[in-house]
Amino acid sequence: MQALRVGVLAFHGDVAEHVRATEEAGKHLKRALHVILVRTKDDLRGLDALIIPGGESTTLQKLCEREGMFGPMKRIKNIFGTCAGAILLAKTVRNKEKDQRTLGLMDIEVERNAYGRQTESFEKRIQTTLGKIDATFIRAPKIVKVGTDVEILAKDGNEILACEEAKGNKYYLALCFHPELTTTKFHEYFLSRI
Ligand code: GLN
């Protein structure tokens, strides 16, 4: 089998942690991988998948647009967005900044900064379809609505914390928390879906 080409958007956020989690996930699955740091349109060429780390969705948007990456990103078949990355995937965003735009690929509605300010960040043990994990929420969004093709992978009470959408040859995975800090389970799951 050919090595998978997995990009990690590398402007800011937990880039190194996502690279490490992806490489470890590849080892657990015995899948050959090339992990590519993505900062330009050219870096997106030939990728099988892209991971968009958390950070600040408006900053990520501006840098991606400045580099002319929005169009090519929309054509990537498999995208895993965590936190700000999930916001970038969403079709609809509540509490957005003026001029905030997203890739609008996934049929979810997210509310930015839904738990309050940075100081209201927290960790919580949560149940997911991949088992129990410790989840870190950093000025996290909430997924407040999902379309009919979206499957939920983790909930806390009524809140959706992780979900996926497979449509045609496209696959999207969105998480409100930061898996790269505590587990490789979601990276393994993402790689297994490619
Ligand atoms: N609050 C950030 C935003 O709106 C997301 C925070 C995060 O990615 N940890 O983009």
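Hydrogens, waters and symmetry mates are skipped; everything else that's a heavy atom, side chains included, is used. All ligand and atom numbering here is 1-based and tracks the order in the structure.
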So which protein heavy atom does [atom] come closest to, and at what separation?
{"atom": "atom 1 (N) of ligand 1", "result": "Asn113 OD1, 2.6 Å"}
{"atom": "atom 4 (O) of ligand 1", "result": "Arg112 NE, 2.8 Å"}
{"atom": "atom 7 (C) of ligand 1", "result": "Cys83 SG, 2.9 Å"}
{"atom": "atom 10 (O) of ligand 1", "result": "Ser57 N, 2.6 Å"}

>> Please classify the Leu60 to ligand 1 contact at 4.0 Å (heavy-atom distances, strictly less than): side chain, backbone, both or neither.
In response: neither
> How are the rings of Phe122 and Tyr115 set relative to one another: parallel (under 30°), tilted (30 to 60°) or perpendicular (over 60°)?
Replying inline: perpendicular
>> I'd like to know if the side chain of Lys170 reaches the main chain of Glu165, judged simply by a donor and an acceptor atom lying under 3.5 Å from each other, with no hydrogens or angles considered.
In response: no
>> Main chain of Glu111, side chain of Asn95: is a donor-acceptor contact present, judged purely on distance under 3.5 Å?
In response: no
> Are His28 and His187 an aromatic pair by the rule of ring centers under 6.0 Å?
Replying inline: no
If you measure every N/O of [X] against every N/O of ligand 1, is any gap under 3.5 Å?
{"X": "Ala84", "answer": "yes"}
{"X": "Thr82", "answer": "no"}
{"X": "Arg139", "answer": "yes"}

> Going by heavy atoms, is Gly55 under 4.0 Å from ligand 1?
Replying inline: yes
With the threshold set at 4.0 Å, does a side-chain nitrogen-carboxylate oxygen contact exist between [X] and [Y]?
{"X": "Glu56", "Y": "Arg112", "value": "yes"}
{"X": "Lys91", "Y": "Glu109", "value": "no"}
{"X": "Glu180", "Y": "Arg20", "value": "no"}

> With a 4.5 Å heavy-atom cut-off, do Glu164 and Tyr171 have their side chains touching?
Replying inline: yes
>> What I'd like to find out is whether the side chain of Phe11 reaches to under 4.5 Å of the side chain of Leu9, using heavy atoms alone.
In response: yes
Taking only heavy atoms of [X] into account, list the atoms of ligand 1 that are under 4.0 Å away from them.
{"X": "Gly54", "value": "8 (O)"}
{"X": "Glu56", "value": "2 (C), 3 (C), 4 (O), 10 (O)"}
{"X": "Ile138", "value": "6 (C), 7 (C), 9 (N)"}
{"X": "Ile87", "value": "3 (C), 4 (O), 10 (O)"}

